[in-house]
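First the structure, in the form of structure tokens, and then the observations on it.
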There are 2 protein chains.
Amino acid sequence: MLISMTSTPPAPTNDTRDRILDAAERLFVENGFDGTSMRMITGAANANLAAINYHFGGKDALVQEVFRRRLAALNARRLDELDRLEAEAAGAPLKPSRIVEAFFGTALELAADTEHGGRTFMRLLARTYNEPNAFVRQFLAEEYAEVMDRFLGALFRALPEVPRAEILWRFHFMIGAMAFAIAGLGGLSELMEVGPQDEDPARLLPRLMSFLLGGLRAPLPDGGLQG
Amino acid sequence: MLISMTSTPPAPTNDTRDRILDAAERLFVENGFDGTSMRMITGAANANLAAINYHFGGKDALVQEVFRRRLAALNARRLDELDRLEAEAAGAPLKPSRIVEAFFGTALELAADTEHGGRTFMRLLARTYNEPNAFVRQFLAEEYAEVMDRFLGALFRALPEVPRAEILWRFHFMIGAMAFAIAGLGGLSELMEVGPQDEDPARLLPRLMSFLLGGLRAPLPDGGLQG
DNA sequence: GTCTATAGACGGATAGAC
DNA sequence: GTCTATCCGTCTATAGAC
């Protein structure tokens with residue numbers, strides 16, 4: 001029989017903690033936070049009920065960790081893209097289309113990943129923009145603070161002739177359009193029963209981008225165009 | 001002392017049933033469906049816990065009635081507007097902007113009514129587009145079926161040179177933009193802490209309309225313009 | 001780290017008096 | 001129609017054995 005040597009442990013990347021996070025992510029999308037119990041999560045993750053409290057400290061802390069582990073990476077990529085654009089421009093104002101692409105392109109890229117749960121997470125995130133739960137919204141706002149600040153600033157500089165309130169609203173509209181599109185990727189956009197069955201996010205990105213840029217460049221409400 | 005005569009009762013328009021519906025509407029926005037208990041609702045409505053089951057049959061039936069009583073009127077107005085446009089056009093194709101205005105203008109008009117709970121309801125509705133709860137989504141889809149059918153058909157006829165899949169997606173994007181804008185009207189759009197403090201929906205309508213029409217008229221992803 | 005067992009609060013629903 | 005009292009299930013969290 002084999003005797004356990006002092007060899008290094010086999011580095012179980014798929015340990016209980018990760019299985020819980022993956023199961024929670026999936027179940028939160030399907031049932032919402034309040035509609036998903038710790039029993040459902042640990043059941044799906046083949047873990048013990050007490051494991052959530054042992055590993056995370058409670059259900060709320062688990063919810064935060066589900067977001068944190070992926071959102072940190074997504075927003076870091078967004079900031080990298082923006083850094084790169086600004087370095088290339090060397091002081092010149094950026095093209096609005098490049099800014100928009102840096103923000104929404106990264107999101108849709110993650111939503112295209114069905115292998116490692118990227119799509120599942122993005123559907124959860126999209127849904128959570130409208131989450132009633134106060135502490136979840138508060139947590140999201142904090143995670144987004146820097147990204148919002150940087151991207152809005154870049155848009156302000158890129159469109160100096162457009163009133164800032166207008167840019168603010170239009171960025172708001174753009175996020176809403178993206179969120180609704182991504183949230184419906186699971187195939188449950190019953191709202192239009194004819195619904196976009198074409199679920200390929202590779203085709204969604206150009207569709208969304210041209211819509212968003214069309215909206216961003218639209219004539220201002222009072223009249224007057226801006227390129 | 002006064003003796004109760006056989007006079008007609010004072011027609012209590014604000015009876016228990018309505019108070020429950022109003023309280024439920026408000027609490028659902030603040031806490032979500034699962035986060036709102038029957039005890040919370042009846043407490044806020046100064047009604048007895050058993051009243052929900054007596055008047056509606058259960059919590060799920062109450063949720064449906066909260067939507068039904070207002071959504072039926074909203075969608076009827078939308079269909080009326082579309083009927084009127086089509087009657088005026090007398091067979092000619094409609095202007096896309098008029099179709100969009102008939103759909104989204106009515107919604108924003110209701111969202112502007114803070115006196116009779118219209119805003120509260122529209123915030124609830126906007127949130128519910130992304131609701132995980134299966135039976136709520138199913139119910140919404142049924143309530144919207146005719147309106148979607150009519151408006152998508154009108155857009156298809158108004159833009160015969162645009163692929164229908166494209167129109168479908170863009171209508172999808174437009175609904176998402178509107179929903180996110182309305183859901184944030186309560187002042188809790190923490191996402192951008194700079195957030196549009198300007199909450200006047202009278203100014204929101206022109207802003208949103210020009211954004212939506214810009215997106216609808218944007219060049220198609222593969223290239224090629226369409227007015 | 002994992003498990004069982006259980007505490008303690010709260011959920012929706014209902015029976016039956018008034 | 002309204003109310004009290006209660007049933008019964010599920011929830012999160014924790015104590016303590018292994």
Side-chain angles (χ1 to χ4, degrees), chain A residues 4 6-28 30-67 131-136 139, chain B residues 4 6-67 69 131-136 139:
Chain A
S4 155
T6 55
S7 65
T8 59
T13 48
N14 195 24
D15 58 358
T16 299
R17 194 188 143 90
D18 289 324
R19 289 202 317 276
I20 288 176
L21 286 169
D22 292 339
E25 190 172 70
R26 183 174 56 81
L27 288 168
F28 286 156
E30 295 170 6
N31 310 109
F33 302 116
D34 291 340
T36 302
S37 68
M38 291 168 61
R39 283 173 171 85
M40 291 166 70
I41 296 169
T42 50
N46 270 326
N48 187 274
L49 169 61
I52 287 181
N53 282 301
Y54 176 79
H55 285 285
F56 302 96
K59 187 183 178 182
D60 285 1
L62 168 63
V63 171
Q64 289 201 11
E65 182 58 19
V66 165
F67 282 99
E131 167 68 29
N133 191 311
F135 100 92
V136 177
F139 171 75
Chain B
S4 156
T6 54
S7 65
T8 58
T13 48
N14 195 22
D15 59 358
T16 299
R17 192 188 145 90
D18 289 324
R19 289 202 318 276
I20 288 176
L21 286 169
D22 291 340
E25 191 172 68
R26 182 172 57 81
L27 289 168
F28 286 156
V29 175
E30 295 171 6
N31 310 109
F33 302 117
D34 291 340
T36 303
S37 69
M38 292 167 61
R39 283 172 174 83
M40 289 166 70
I41 296 169
T42 51
N46 270 326
N48 187 272
L49 169 60
I52 287 182
N53 282 301
Y54 176 80
H55 284 285
F56 303 97
K59 187 183 178 180
D60 285 1
L62 167 63
V63 171
Q64 289 200 11
E65 181 60 18
V66 165
F67 282 99
R69 68 166 178 165
E131 167 68 28
N133 191 312
F135 101 92
V136 177
F139 171 75

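Not measured: the values here are computed from a predicted model. Convention: sequence-line order gives letters A, B, ...; per-chain numbering from 1. Only heavy atoms go into these numbers, but all of them, side chains included; no hydrogens, no water, no symmetry mates.
A:L49 comes within 4.0 angstrom of a base, heavy atoms only.
When distances run from any side-chain atom of B:M38 to the nucleotides C:dT4, C:dG12, D:dG1, the shortest one goes to C:dG12. Across D:dA15, D:dT2, C:dA15, the shortest atom-to-atom separation from the side chain of A:A50 is found for D:dA15. Picking from D:dA13, C:dT2, C:dA13 the nucleotide with the shortest atom distance to the side chain of B:N53 gives C:dA13. In this structure, of D:dA13, D:dG1, C:dG1, it is D:dA13 that holds the atom nearest to the side chain of A:K59.
Atom CG of A:D60 is separated from atom C1' of D:dC11 by 13 Å (rounded to the nearest Å). Residue B:H55 contributes atom NE2, which lies 16 Å from atom C1' of C:dA13 at whole-angstrom precision. Residue B:N46 contributes atom CG, which lies 12 Å from atom P of D:dT2 at whole-angstrom precision. If you measure from atom CD1 of A:I41 to atom C1' of D:dC11, you get 12 Å, rounded to the nearest angstrom. Rounded to an integer number of Å, the gap from B:L62 CG to C:dA13 C1' is 14 Å. When the C1' atom of C:dG1 is taken as reference, atom CZ of A:R19 falls 12 Å away, rounded to whole Å. Note: CD1 (A:I52) to P (D:dT14) measures 13 Å, nearest angstrom. Atoms OH (A:Y54) and C1' (C:dT2) sit 9 Å apart, rounded to a whole Å.
At D:dC11, one or more side-chain N or O atoms of A:S37 fall inside 4.0 Å of OP1 or OP2 (strictly under the cut-off). B:T16 has no side-chain polar atom (N or O) that falls below the 4.0 Å cut-off from OP1 or OP2 of D:dG1. At the phosphate of D:dT4, OP1 or OP2 sits under 4.0 Å from a side-chain N or O atom of B:N48.
In this structure the side chain of A:R17 reaches within 4.5 angstrom of the side chain of A:E65, judged on heavy atoms. A heavy-atom distance below 4.5 Å is not found between the side chains of B:Y54 and B:N48.
Considering CD of B:E25 and CD1 of B:I20, their distance stands at 13.5 Å, rounded to 0.5 Å. Note that CE of B:M40 and CG of B:L49 are 13.5 Å apart. Values are rounded to the nearest 0.5 Å.
Residues A:M40 and A:G57 each lie close to DNA chain D; by heavy-atom proximity, the contact nearer the 5' end of the strand is made by A:M40.
In terms of heavy atoms, B:T36 sits closest to B:L27 at OG1-O, 3.2 Å.
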